[in-house]
Structures are given as C-alpha cells and as structure tokens.
Amino acid sequence: MTENEIATAETKKLTAKDFTSDQDVRWCPGCGDYSILAQVQRVLPTLGIPRENVVFVAGIGCSSRFPYYMNTYGFHGIHGRATAIASGIKVARPELSVWVATGDGDCLSIGGNHFVHLLRRNIDVNIILFNNRIYGLTKGQYSPTSEKGKITRSSPYGSIDNPVDPIQLALGSSGTFIARGIDRDPKQLQYVIERASGHKGTAFIEVYQNCNVFNDGAYAQYTDKEVKAEHVLTLEHGKPLIFGKNHDKGIRLNKFFRPEIVSLDQAGDEDIVVHDEKNKHLALVLAEMTDDPSLPTPFGVFYAVDKPTYEEEYVKQIEHAIETEGRGTLKDLLESGNTWEISDN
Amino acid sequence: METNTDTPPQVIEKTLEEVTVRFAGDSGDGMQLTGSQFTKTTALVGNDLETFPDYPAEIRAPAGTLFGVSGFQISFASHDVYTPGDRADVLVAMNPAALKVNLNMLRPGGIIIANSDGFDAKNLRLAGYETNPLEDGSLKGYEVYSIPITKLTTTALEKLPLSMKEIVRSKNFFALGLMYWLFNRPLEPSLEWIKKKFAKNPDLQEANSIALKAGYNYGDITHIFTTRYRVEPAKLPAGKYRNVTGNEAMALGIVASCELSGLPGFLGSYPITPASDILHELSRYRRFNFRTFQAEDEIAGISSAIGAAFAGSLAFTTTSGPGVALKQEAIGLAVMVELPLVIINVQRGGPSTGLPTKTEQADLFQAILGRNGEAPVVVMAAKTPGDCFHSVIDASRIAVKYMTPVLLLSDGYIANGSEPWLIPDPESLSKIPVEFAKNPETFKPYSRNKFNARPWAIPGTPGLEHRVGGLEKKHITGNVSYDPVNHEFMCRLRREKIEGVVEDIPDQEVHGPESGDVLIVGWGGTFGALRQATEYLIEEGKSVAHAHIKYLYPFPRNLGEILSRYKTILVPELNLGQLSVLLQAHYLTPVESYNKIQGLPFTTTEIREKVNKLLAGK
Ligand SMILES: Cc1ncc(C[n+]2csc(CCOP(=O)(O)OP(=O)(O)O)c2C)c(N)n1
Ligand code: SF4
Ligand SMILES: [Mg+2]
C-alpha cells in the first residue's frame, strides 16, 4: 500500500461488507446462525477498531465455521479449545480485539473446562455462544443444554441428562459481563454485541439460536408473535422488570427472594424489581428464571462489572520487573546464579 | 590413583581422581537440598561433576519407611565426568530405611556415614531390620562411621530460641558440614546461601550456619576419620562456568531463543513432574518480556501457545508424557496451521501415571507417531543437562524457519541432574532470523518459500487478514478444501517439508573408530553412560564406537551409511526398543536391542558387560 492508500483506508468508513469474507456461507438455509453473523458484521464497523486488529477464534461445530465468513484474522481451532486459543492470542497481544464463536457442545461440553477458566481469569475476550441446544454438525445428538427427556438420535428413549444453564455457569465462574440475546431479535442482539465489545474483561453472550434442521422451534415461545410477550423479559439497567403484551406485569421478589409475577395495577411501584447490572445476587435470581414455566425468561445484560483484566495485570508485572530489575539481556541471563572462571592453565 | 601427601600426624590426606557420594534419608530430611549444596560447592571448587537426584513421588512419605527414602548422588572428579557414577564410594544414611534401600548402590568396601540417632527401634522395625546393622556386624565389608548426628546438632543449637522440631531439621546441615570437611570443601558458598535463603528468619539462619560449622568441626577435631580426601580441580576448557540442571538449561535456552529471534516469548504449560521446574524458572523472567501462562490443563497449555504463535510470539509448551498424550490433537492442529511451536517432553516412567519421578525413554513412538492422520513434526532429543540449552535454541530455529511444530525430548534424568556448564558467549550464538509477511499484493496464506515454509502473517498487519484452521487447506490460497487430490498433495507436501529439515541437521558424528565390531547407537539422556562405557571399552582395546542421535525425525542424512560400517549395531534404550524399531524400519538393517525399564539410568558397567558379551559372541 502507498501512504495515500493507507491514509484513505484509515479514514474510510467501514461497512458490514468490509467484514464479509469471499467464502460462501454454508449453513443450512433458515439457520439462526445467519442472523448472528449479520448482526456481528453490522456492529463491528461501528466500533472504530481497525479490521486488521480483529481476530475471530472458533472451535468445531456448525457455529464454529463463523471465522471463515469474517474478513478479519481468523482461527478455526479444534473442538472445545477456542477459548484456550483465544486466551493465548490475547495474553500475547493485548491490543487485539479477540472474539470467540462457539456452540453449546463446543463451549460447554468438550470445552467446559476452558470456558470456566477464561471467565475466571477475566481475559478481555468476547465470547458468542450459539446455543441451539443440539449438536448440529454431527447431525443431531442432545447437547449439554438440551432439555431433559429430549428425543434425539442418541437418546431415542429421551435424554436423562440434566441441562446446564450457561448464564448460571458464567456467573459461578466469576464472569464480569454476562448477557443473553436471540437470533430473531436483531436489535437487541446488536445491542449486547456492542456492549460486550465495550466491556473490559471477558464478555459472554449466550445467543438462543434456532437449528431448523435438528431442533426446530426450540425457542418458539420467545419468537412467536402470539406468545412471546408473555415469555420474554427484557432487562434494561435502571428500569423496572416489566413484561407482557400490554406491559402490565412486573417481577417482584417475595420474602424468600423468589421472583413472582404481579400485575402492575395491584402492585405499588416500589414492589417491582429495578434491574441493576452490577448486582450479582439479582443476576443469580434472574438466571434462575430461565425456562421456568411460571416465569418469563430474561434477555439482555444480566451482569456487568469492572474488574482488572488478566493481561492488564500481566503487563503491569512485566513493566514493574523491567523498571526495578532492568530489561534483561542475554549476558545477564546466562550469567545469573553462581559462576566461576576456569583459566587456560 | 591415590597418592599420599604430607599431612598433620593423625589424619592422612589422600588425593583421589574421582569420588561418588550418595546422600540418603527420609523425604523430609532435606537430602535434595544437602545434595544440591554439596554440588554447588563442588562446582565452585572446579571439579567436573554429574548429579542424580532420586526421590519418591510422595512429597512427605511417612517417616522411616522404605518407600519414603530420598537420595541424591553426585560424582565429581579431577577429569571429565559423564555420569553420576555407577556405585557410590560414600553413602550418607540418615536412617535404617535409607541404608537398606541404598546399600546395594555402595561399592564393596565403601564408606558408610550413618546417623546413629536415626537407628532407633521404631525406624529399625519400619525398615525391616531385626537387629541394628550398625551394631550386629552385618556391615563388615564396609567402613562404617556411626555418628549421633541428631544429638550433636541439638547440642550445638540448644541455646537458640527454636522448637525441638526446628532444631532437629538442621541435622542435614551438620551432615553437609561433615562432608565438606571430609572432602576439603570450603563452607563459605553454603554459608552465603543460608544467609540469603533464611534472610527473613534470623534464628533459622543462625541454626543452619551453626549446624554446618559444627559438622565441619566435628570432622576436624574428633579425628574419628583417619583419612581426609582431596579431589583436584578438573582441567575443563577455559571460560566462565555455572552449574545447571537440564530443566534450568532448558529455561535459559527458551529465553535465549526469544532474545536471538527478537520475538516476545510465550509458554503455555500445566504443572507436571518432572517438567514443572521449567515453568517455575520461566515465570521469573518477566524482565525479558517473557510470558508464562499456567493453563488449566495441558490442552489449554498448548492451545494458548498456538494462539500466541498465531499472534506472533515464539511459543513453547512444556510437559511430560501424560501431558503430551493430551496435547496430541493440538499438535496436529499446529501441523495443519503450520505455525512455529516448540513442544518439550521431559519424559518419565509410563504408561499412565507410571513412575512420575523416575526417568524413562518410552515416549519416542508417541513423539514421532502419536497423532491422528499424517502429521509429521520434527523430533529431537537433548543428551545432557547443558545440551538442553543448545537443543532448544536449535528447535526454535527450525520451528521458525520451517513454520512447524518441533518436539524436543528430555527426560527426568537430565532434567534434574546437573553439571558444570561452560557459559556460551552471547555473541557466539547466531541470531534466529524471522520474517513476517507484510505485502498484501503478494500475500497468499499457504504459498511456500524454498524451504516449503508458508508465510507468517500476524494480526495487526493491514491487508493480510486471513483464516487458518484444522480443516484441510487448499495449496497456496489456504482456503478450506475437500478436494481429494489436493489432500494427498498437501499430506505429501507437509511431509516433504519436514524431511527437508535434514538440510539444517549436521551429519551424525561417531566417537571412536570409523568402522569396527560394535557401534553403540543411543539417544537422549543415556549419553553419559554410553560415552563413558565406550571410552572404557576403547581403552581396553575393543573395536567399539558410539553414535548419539539428536535428530530423531528426520534422521541425519549419513546415518544409514554409518550403520553399515559396523558388524553389530547395539541400541541401548530405557524402553522396550523404540529407536530399534525405527532404525530397522528405516534402514532395513538388523540391530541388537538392549533395554532397561526400571525408572533408572543405565550404569556404565551394564553397557560394558553387554558389549563384552556381544564381542564374545554370547
Ligand atoms: C475431538 C473431537 N470430538 C468430536 C468431534 C465431533 N464434533 C464436531 S462438532 C461436534 C458438536 C458440535 O456441537 P455444537 O458445539 O453445539 O455446535 P453446533 O454444530 O450445534 O453449532 C462434535 C461432537 C470433533 N470434531 N472433535
Ligand atoms: S444443522 Fe442446524 S445449526 Fe447446523 S447449519 Fe444446519 S440449521 Fe444451522
Ligand atoms: Mg449446538
């Protein structure tokens, strides 16, 4: 590139197209993954991050093909290890914007270990979990988020596994940014992606994603026009927890700290819980509401707090060591410890 | 060998060329510390030396038991030393169990220095002695010194405001002081060390210093020993020396590789015996901008290292056999994405958890053949503690030049063993050239240079955004490709690339006659025993040579030709014959395997006897 071209590249406004690679997207027509890709490609150009500083890392699964479709640096790793690969990239190069695309099998089954440890270390990586509650790529076995009793190719009598809730696992792993979106609500998805990107520390977004081939309609109650207003609770920081077709229902906590539904005309304003992203106790209560048939399921940002990142603390140690001990040289490296001379005779 | 020199009346001073001392006691007796202090001082005195720490897997096994015995052997001499000695001349035994476990490692007529206080009824019973061997005459064939080390230590320290337990713990310094007297070593280096080590606890500092001096003075004053020994400095090549274990040298070599390449260093690792010390050592080098990442498991260790390599670091992962088994899938990924990565396997006894603290060489197959698919990587092995330094620099150089993972084998024996090491002049170490791709006009992720290496394009480089991954890659473009012909082409290309590394591998050297009756072929940590045995055999007039292979995949170009020049090829290995199989498969030449798989190194005697049997046609 000439200097001029570099200058124009810098000033040129990026668009979704700039983040679209030349590879054909190979997901099944109708797959929820398309929407997630579109929202990421829509948000990224608005973040002011040079494209060459963006890295997408994935494991294995339908969803993990994601990096091939992004015109950024990309790493399609091995099953379950995207979070570990991304950790290495970010610790080595803290200035990069590092993202992980992963599936419910990839992230929570084979990769469950690394997921927990990435969160607990708070390395500044953004994780997008494509939760379709099924193993898509291997053609439809139950996954760690599949509901108990699910009939799949590997559970013809119904699965007897209890599912794990990714939001609760993330909270239990000391995650500092935890949110949920859904493929069919692009606005909210864009919002949480943007928030995740702005968060310093590990950001975790669970996205409910429809696999129309092996688990179609898994999230119908949150997307069907007829019923969704009764099942979706949208979280907004500082706003009361209100839902329902006519915005006439709220959530309050009873004396056992259990959430319950109240109709707004019966309850006083102070009864309704006001969402606070910094309140971990509340986040835990909200996470427990997931899939509870008697309660709506929360979407949006559950929890967001600031904590020092791993790489930040690492760089501090390096800078401190160099300041106090001096930048090491090969000579003082080799001659550290006890040495002695042997002369020629 | 022995010459008398003028000495004061009662004590004679003898000069010896070579001595082997073995310290043995409970795991909690501090024998490893005693041994390493003795080693440091001996190195400073100018002897050549080799050490062999031999300790149990249990951190503090129940006191007095046979399985809780911890040993440390050192051989030092006024000439070159290749091994820590087949048999000890002096055994320091802190209790009956230590005596029982180690007596067969003492030469007939050797010296036993026993802590008689450790030989109480309970300890005798735990060691399975019916009567006290120090008193029942069963040690008649040895020179036995029964010394109440515990009592002497407590008497010396009784004025100090320390608990009895703490005081008793200083007894190893008493024993060390006594050995310093016996072998004419200065106290200063250890006194210095004690001062630093216990700077925060002046009472312990004083206790250990007093115990050390008391041990020395005991030898000096009591005349219980009628002979004192002198081992003159060895005639080592001139230069600056330090003592290194294999793990230390490995860590130094890793940091040196980064400095020589100008790349930031990254280690992804999960603790495992006997490799953890490399992680410990490297975690101290923040001032070199070296990053250690203690991962949650071995898979994350290597995966994070691959990520760091993608991001432009010189990346390493260190482990032992079980960890390599976990890393294999990711090594395959590194083969596919063709990024530089050095994987270090400090081998230990297997299979499974096996013998965690003991040495073995049974991971050669795993290194060369251990992955799914056709997944060639360069495989090398270090042969001595000091050689770990140069080997890992070499591994880094190859990894970067060929954009490939390199697997470097070490083992528990050289990792924990130590020797004096001639510190190389930093100027004499050649730089590791690195070139990152920069030009978007010409960049193709899977194009090749003349070494068949693909370009290294790191994030942050404008216009070079590209994707890598474990799916098969289309030649040149690097796009995902399921084309059958391309797959075969790429499999062959990846192998050709690794076989091409032979261009960077020096020809195999042979020690001894260029042709003859027996060629001993070894690899890795057996070097010392094989070389020493070869020298003895040559001195005896036998037609025997030794070739020690550092590059195990690919083999050096001239290896096949060398094998053809000897009547018999003897391949001693601490496994059931892995190099044997590879040599025979590769060169279609019969070899004689000699295998030992006891968690212990070869002794020179074993090798000599084996060769002599072969020569006698047995
Ligand atoms: C080591 C290993 N084990 C198993 C597989 C097979 N495999 C590939 S993807 C997958 C499950 C993917 O499920 P998920 O992560 O939910 O992704 P999805 O396809 O649903 O998006 C499995 C079991 C593999 N590639 N590697
Ligand atoms: S199998 Fe399911 S998850 Fe995979 S691409 Fe098809 S619809 Fe999407
Ligand atoms: Mg899935």
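Just so you know, these numbers use all the heavy atoms, side chains as well, and skip hydrogens, waters and symmetry mates. Chain letters run A, B, ... following the sequence lines, proteins first and then strands; every chain starts at 1.
Chain A forms more heavy-atom pairs under 4.5 Å with one residue of B:L252, B:T461, B:V255 than with any other, namely B:T461. In terms of heavy-atom pairs under 4.5 angstrom with chain A, the leader among B:N289, B:N243, B:V244, B:D297 is B:D297. Contacts with chain B were tallied for A:L333, A:N338, A:I322; A:L333 has the most, counting heavy-atom pairs under 4.5 Å. Counting heavy-atom pairs closer than 4.5 Å to chain B, the top residue among A:P50, A:G74, A:A321, A:S336 is A:G74. Per-residue counts of heavy-atom pairs under 4.5 Å with chain B were compared for A:H79, A:Q23, A:E325, A:R121; the largest is that of A:R121. Chain A forms more heavy-atom pairs under 4.5 Å with one residue of B:R291, B:K438, B:E259 than with any other, namely B:R291. For the options A:G326, A:A92, A:G328, A:G337, heavy-atom pairs under 4.5 Å to chain B are most numerous at A:G328.
At a 4.5 Å heavy-atom cutoff, the contact between A:L96 and chain B is made by side-chain atoms alone. Interface residue A:V315: only side-chain heavy atoms are found under 4.5 Å from chain B. Residue A:F56: no heavy atom, backbone or side chain, is found under 4.5 Å from chain B. Heavy atoms of B:F290 lying under 4.5 Å from chain A belong exclusively to its backbone. Contacts between A:R120 and chain B at a heavy-atom distance below 4.5 Å are absent for every atom of the residue. Interface residue B:I458: backbone and side-chain heavy atoms are both found under 4.5 Å from chain A. B:A305 does not touch chain A: none of its heavy atoms, backbone or side chain, sits under 4.5 Å away. There is no contact between B:L267 and chain A, counting heavy-atom distances below 4.5 Å. Both the backbone and the side chain of B:P459 come within less than 4.5 Å of a heavy atom in chain A. No part of B:A315 comes within reach of chain A, as not one of its non-hydrogen atoms sits under 4.5 angstrom from that chain. Using a 4.5 Å cut-off between heavy atoms, B:L44 contacts chain A through both its backbone and its side chain. Residue contact with chain A, scored on non-hydrogen atoms closer than 4.5 Å, involves the backbone of B:P237 exclusively. Contacts of B:T477 with chain A are absent, with no heavy-atom separation under 4.5 Å from either backbone or side chain. At a 4.5 Å heavy-atom cutoff, A:I49 makes no contact with chain B through either its backbone or its side chain. Proximity to chain A is absent for every atom of B:L422, based on heavy atoms less than 4.5 angstrom apart. Proximity to chain B involves both the backbone and the side chain of A:V91, based on heavy atoms less than 4.5 angstrom apart. The part of B:W421 that comes within reach of chain A is its side chain, from C-beta onward, which places non-hydrogen atoms under 4.5 angstrom from that chain.
Taking CG of A:L330 as the start and SG of B:C258 as the end, the distance is 10.0 Å to the nearest 0.5 Å. Here the straight-line distance linking atom OG of B:S283 with atom CD of A:Q317 works out to 10.0 Å at 0.5 Å rounding. Atom CD in A:E341 sits 8.5 Å away from atom CD1 in B:I423 (nearest 0.5 Å). Considering CG of B:D425 and CG of A:L334, their distance stands at 9.5 Å, rounded to 0.5 Å. Atom-to-atom distance recorded for A:I342:CD1 and B:L236:CG is 4.0 Å, nearest 0.5 angstrom. The distance from atom CZ of B:R287 to atom CZ of A:R327, rounded to the nearest 0.5 Å, is 9.5 Å.
Between B:Y241 and A:W340, the ring-plane angle classifies as parallel under the 30° and 60° cut-offs.
Here the closest non-hydrogen pair linking A:A84 and B:S303 is CB-CB, 3.6 Å. The two atoms that bring B:A330 and A:I78 nearest to each other are CA-CD1, 3.7 Å, heavy atoms only. Looking at every heavy atom in both residues, B:G460 comes nearest to A:N53 through CA-OD1, 3.3 Å. Considering all non-hydrogen atoms of both residues, A:F75 and B:I306 come closest at CZ-CG2, 3.5 Å. Heavy atoms only, all atoms of each residue included: B:F293 and A:S87 are closest at CZ-CB, 4.0 Å.
A:R93 forms no cation-pi arrangement with B:F310, by the criterion of a distance under 6.0 Å to the ring centre and an angle within 45° of the ring axis.
Side-chain contact between B:V480 and A:R26 is absent, with no heavy-atom pair separated by less than 4.5 Å.
Within a 6.0 Å radius of NZ in A:K307, other residues, nucleotides and ligands contribute 12 heavy atoms or fewer. More than 12 heavy atoms of other residues, nucleotides or ligands sit less than 6.0 Å from atom NE2 of B:H79.
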Verdict with supporting geometry, A:V55 and B:E465, side-chain contact (heavy atoms from CB on, under 4.5 Å): CA-CA 9 Å; A:V55 186; B:E465 294 84 0; over 6 Å; no
Chi angles and distances behind the side-chain contact (heavy atoms from CB on, under 4.5 Å) call for B:Y285, A:I318: CA-CA 9 Å; B:Y285 292 128; A:I318 289 174; over 6 Å; no
Evaluation steps, side-chain contact (heavy atoms from CB on, under 4.5 Å), between B:V468 and A:H76: CA-CA 6 Å; B:V468 297; A:H76 183 217; over 6 Å; no
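A donor-acceptor pair is defined here as one N or O able to donate and one able to accept, closer than 3.5 Å; no such pair exists between the side chain of A:Y68 and the backbone of B:R467. No donor-acceptor distance shorter than 3.5 angstrom exists from the side chain of A:R81 to the backbone of B:I299, with no hydrogens or angles considered.
Salt bridge status for A:E335 with B:K240: present, with a side-chain N to carboxylate O gap under 4.0 Å.
Side-chain contact, A:Y314 with B:R286: a donor N or O sits under 3.5 Å from an acceptor N or O.
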